[in-house]
Amino acid sequence: MDSKHSEPLGYKIKRREIFRRRKVWPTVLGSVLGVLLLGGGTAAALLLLPAGQGSTVSVSANTVVETPVPTPSATPAPTPTPTPKPIVVGAAAIASAAGSSQGTAVEDNASSSPSGAPDAPAPEIQGPGIADIPGQVPASEPVGENYFDDALFVGDSITTGIQIYGTMANATVVASTGINPSTILTKPVIRDKEGNLHTVLESMSAHNPTKIYVMLGANGIAWLDEETFIGSYSQLIDGIKAQHPAAQIYIQSIFPVTAEKSQSESGIYSNEKITRYNQRLYQLSVEKGAAYLNVAQAVANELGNMPSDVSPDGIHIGPDYYKRWFEYLKTHTVSPAVATAK
Amino acid sequence: MKKLAALLLLTTLLFTGCGKNAGGASINVKDIAEKTVAAGGFTDELVALTDTTLPASYTTLDLDKVAEYAVHVSGTMGTPEEVAVIRAKSEADLPDVKAAVERRLEDLKLNFEDYRPEEMPKIESAVLITRGDCVLLAVAPDAAAAKAALEG
């Protein structure tokens, strides 16, 4: 990634202001000469401009013309970039640049947003804040990224992040923000290129994956009681199996939330509750012949919580933790023989 | 003297590079998007999309009809906060680009209306404008400030 891309936006704006101040007088002198050469009509014309044709717009735009900012990703390239690199800007990044007391992970995002870049070292997987569940997919020899060429990821907003961050660009993602194990069965939320909406299962029918990774729950545990949650999840797995009988289905555990989130809102997102639902998901995986991936282990701290400095809202994760998640997936796979047998 | 010089400079600028401003041709897409990100009071980290990652969010946007763009979406996926500045390749392409952005706004409503209704005011006060050959969108906590930034 171009280092300019990972630079916090606040720095860029400040730098441009300084540049503008330093360069303005030579430009003024040049402009005066230019106006004199062009004739006096322009000054008169300025006075006739209607209010609202904003001088701010004009100055701003022209400043950019004089000092063009490189826009390497602005113009669509003929061939897509194979490994997209996220550019993180915005409130948190600016706060970090200003010396905010935000945690180091936020600073990492701002200063090394290439966290998703292939040349960045993979973060070590923390543990064991989340206990092993006997029968979960054990650690295995790491697989390459091409393992995910024929993988399909199903889920909610957390899964959509795989696309936003380009974490595994070769994988297929069928996911929608706000979906839960109940609405995923009925609500048309996946829009195709023609603009039509489909349910997740309808959309999945267009693909032919050999591995299907399911992650749902962050949105469901708050509103769905345990039986409804598992019942809906079970129907979804049945639907997936009917649609893709030869595919290896991985049921992924629900990520823990931060300690603050766990204790908020009367505990509707509590990590104790998530652990309970995850145990039910493990049982479901056994019933359905699916593999259970205890991916919560990839993101939890030693206390079993999502670290508070990596999740602005207590639930969702940033690019560093997507990388962490996928490092776990690469090192926890079942063999093709097992997959075929199921 | 300083005021006169500044006035002359402004005059020059207006009659050179910004002559097509009303048409949007002089809008610096990346710059205006970044200024809007800085101004909109965003609570989320925003992530810039690329040719590879854009189609997942703007599913009906045909990149063949896009000259350039700067699109920043929620990094947590937990808010609808977003800024998009997209320049159409031609005047004929503009309606389709605008329709794709409108469709994206519809999708945000669809995603958040039940999921996080407290985020809906940001969507309901979203700023969607056209400047020349550009379509500009901001779904921001401070819609007025975002609108001012988009309008320059």
Side-chain angles (χ1 to χ4, degrees), chain A residues 9-10 12-13 27-28 31-32 34-35 42-43 45-46 49 54-62 64-65 69 71 73-77 80-81 84 86-94 109 157-158 160-161 163-166 169 173 176-178 189 191-193 195 219 312-313 315-316 318, chain B residues 5-18 21-22 26-31 34-35 37-38 41-53 55-57 59-60 63 66-70 72-79 81 103 107 110-116 151-152:
Chain A
L9 187 56
K12 288 183 185 173
I13 292 169
T27 308
V28 167
S31 302
V32 170
V35 168
T42 52
L46 171 69
L49 280 175
S55 58
T56 308
V57 172
S58 305
V59 171
S60 169
N62 228 286
V64 172
V65 170
V69 179
T71 55
S73 63
T75 304
T81 308
I87 305 157
V88 180
V89 296
I94 291 169
N109 283 350
S157 53
I158 291 175
T160 65
Q163 295 173 306
I164 299 296
Y165 289 114
V173 175
S176 179
T177 295
V189 287
R191 197 179 290 280
D192 62 25
K193 288 182 179 177
N219 302 329
D313 64 358
I315 296 176
H316 297 88
Chain B
L7 185 65
L8 291 173
L9 168 64
L10 180 61
T11 305
T12 306
L13 297 179
L14 283 170
F15 281 83
T16 54
C18 295
N21 191 51
S26 63
I27 292 174
N28 184 305
V29 165
K30 187 166 182 274
D31 191 51
E34 290 184 351
K35 284 179 177 169
V37 168
F42 292 95
T43 62
D44 210 338
E45 292 178 4
L46 300 186
V47 180
L49 299 182
T50 66
D51 283 5
T52 308
T53 58
S57 298
T59 51
T60 61
L63 284 176
V66 173
E68 58 176 330
Y69 64 87
H72 302 262
V73 302
S74 162
T76 65
M77 284 63 70
T79 75
E81 295 177 7
R103 194 57 65 81
D107 288 346
L110 188 67
N111 291 337
F112 282 90
E113 60 189 357
D114 300 324
Y115 169 44
R116 288 191 171 176
E151 290 177 340

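In what follows, every chain begins at residue 1, and chains take the letters A, B, ... in the order their sequences are listed. Both backbone and side-chain heavy atoms feed into the values below; hydrogens, waters and symmetry mates do not.
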Looking at B/F42 and B/V37, what are the two nearest heavy atoms and their distance? CD1-O, 3.2 Å
Side chain, backbone, both or neither: which part of B/S57 has an atom under 4.5 Å from a heavy atom of chain A? side chain
Can you name the nearest heavy-atom pair linking B/L46 to B/E81, along with the distance? CD2-O, 3.7 Å
Restricting to non-hydrogen atoms, name the atom on B/M77 and the atom on A/I164 that form the minimum distance, rounded to 0.1 Å. SD-CG1, 3.8 Å
With a 4.5 angstrom heavy-atom cut-off, which part of B/E113 approaches chain A: side chain, backbone, both or neither? side chain
Side-chain donor-acceptor pair present, B/T53, B/T50, cut-off under 3.5 Å: yes
Highest number of heavy-atom pairs under 4.5 Å with chain B among A/D192, A/I315, A/I158, A/T177 belongs to A/T177
With chain A as the partner, which of B/V73, B/D114, B/L110 has the greatest number of non-hydrogen pairs under 4.5 Å? B/L110
